[in-house]
Amino acid sequence: MMKYRSVQSIIGCVCVTLLAFSFVITSETAKSAEAIKIPLHNWTSQLVGAEIVGRILQEGGSEVEYVPADSGAVYEAMCEGDVDLVHEVWQGAFGVAFEKQVAKGCVVDAATHDAKTREEWWYPSYVEEVCPGLPDWEALNGCAELFATSETAPKGRYLGGPAEWLKGDDKRVLGLGMNFHVINAGSADAIWAELAIAFEKKKPIVHFNWTPNFIEALYDGKFIEFPEYWDGCKDDPSGGLNAELTHDCGNPKGGYLKIGVWEGLPERDPGAYAVIQKINFSNLDVAVMSKLVDVDKMEVQDAATKWMDDNDAKWRAWLN
Ligand code: TMO
């Protein structure tokens, strides 16, 4: 976009020699520094963080390009060379998909943020008044009808995230034999809008949520406690409560948040890779990134600028 605009303004000056010269320069730069392709996903901390990571890499001298990308399919896209850098790999959502490509060798596990994550079924605390025994999953299951709608009755309605977040909720409902029907929200905002309405009327609701997120600053609530996560629960049917099905467990508590890169990136842009390995967001960083947009209603670009202004020493240290 920037390049296009500058070419236009040069055309405006009707200076043919300069125009030809600028084309030479542009193609030279393009050759020596191929842009680092960063995906844009559909939750706000990721969008703000992508902008921040991109600006840091630009500060370090690399070119950056943003590409819209399905957050579930992005690890395969990295293997095909369509994406270079995923800076928010959430274990609960994408651990299996990510680790599969790392095992193949086309994605590199570049760094682990300090942030510890949890992605799980969640309810606002007032639901405990009508469903005693929460946050235990069997107690929730016993109260399933409280969450039923005309669409799901007699089963309870669980509002999951968009399907591309790879939560495996349908499989968990099967694996644990739950009386719930999973409805996938179209977007994160659709979940927050339903929560706001339910909260007003103190209506029972159970939906997908995660931490770090802005929700904990606005609503009192808890994650459902499912059987403890164990390595292999999502791809190995044996083991766990159900010996025949996978997903008979909750998501990891204290899950990782990692940075993955395409295997060719370290060689193509070693300077950028050295910076990427130092990038490290805390729980507060990720929560603030989402809060600036979802609560303070800032534009993604402005939120990135604000975080960078407030954390100048932190991110500059990653450049050395
Ligand atoms: C990947 N997410 C934070 C939406 O669970």
Side-chain angles (χ1 to χ4, degrees), residues 38-53 68-78 83 85-101 107 109 112-123 158-172 182-195 206-219 221-224 226 229 233-234 247 249-260 281-295 300 303:
I38 302 177
L40 296 179
H41 292 152
N42 53 356
W43 64 95
T44 48
S45 66
Q46 198 277 342
L47 294 168
V48 176
E51 182 65 28
I52 291 168
V53 166
D70 177 296
S71 58
V74 77
Y75 304 101
E76 277 170 36
M78 260 202 278
V83 168
L85 164 63
V86 177
H87 79 279
E88 265 197 24
V89 184
W90 292 67
Q91 183 176 7
F94 311 119
V96 172
F98 168 70
E99 286 165 32
K100 190 172 146 194
Q101 305 305 335
V107 171
D109 177 349
T112 304
H113 297 280
D114 278 349
K116 291 278 177 286
T117 63
R118 187 168 180 189
E119 301 159 84
E120 198 54 273
W121 295 29
W122 183 95
Y123 62 90
Y158 169 68
L159 180 61
E164 70 169 77
W165 292 353
L166 303 179
K167 306 313 302 182
D169 292 310
D170 283 314
K171 288 182 188 155
R172 184 188 286 171
V182 177
I183 302 288
N184 287 110
S187 66
D189 279 344
I191 303 177
W192 314 142
E194 275 207 41
L195 169 60
V206 57
H207 64 78
F208 178 61
N209 188 16
W210 62 86
T211 185
N213 196 2
F214 73 97
I215 287 292
E216 54 228 67
L218 293 191
Y219 301 97
K222 290 198 186 103
F223 290 113
I224 297 291
F226 284 103
Y229 176 81
C233 168
K234 292 185 184 178
H247 291 71
C249 65
N251 280 316
K253 303 171 194 174
Y256 63 64
L257 186 70
K258 281 182 178 288
I259 302 181
F281 294 137
S282 65
N283 282 65
L284 185 63
D285 291 327
V286 177
V288 164
M289 288 174 205
S290 78
K291 176 196 164 277
L292 291 173
V293 174
D294 287 317
V295 181
V300 167

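Remember, it's a predicted structure, so these values are computed and weren't measured experimentally. Only heavy atoms go into these numbers, but all of them, side chains included; no hydrogens, no water, no symmetry mates. Note that ligands are numbered from 1 as they come in the structure, with each ligand's atoms numbered from 1 the same way.
Numbered from 1 in the order shown, with element, the atoms of ligand 1 that lie under 4.0 Å from a heavy atom of F94 read 1 (C). Atoms of ligand 1 found under 4.0 Å from any heavy atom of W165 (numbered from 1 in listed order, with element): 4 (C). Ligand-side atoms of ligand 1 in range of F208: 5 (O), range being under 4.0 angstrom from any heavy atom.
Ring geometry for H113 against F281 counts as parallel: the plane angle stays under 30°, on a 0 to 90° scale with 60° as the upper cut. Between F94 and W43, the two ring planes are parallel [angle under 30°; tilted spans 30° to 60°].
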Notebook entry, point to check: Step by step, would you call V86 with Y75 a side chain to side chain contact (heavy atoms under 4.5 Å, CB included)?
Noted result: CA-CA 8 Å; V86 177; Y75 304 101; 3.8 Å; yes

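The aromatic ring centres of W122 and H207 sit less than 6.0 Å apart.
Taking atom 5 (O) of ligand 1 as the reference point, the nearest protein heavy-atom neighbour is E119 OE1, 2.7 Å.
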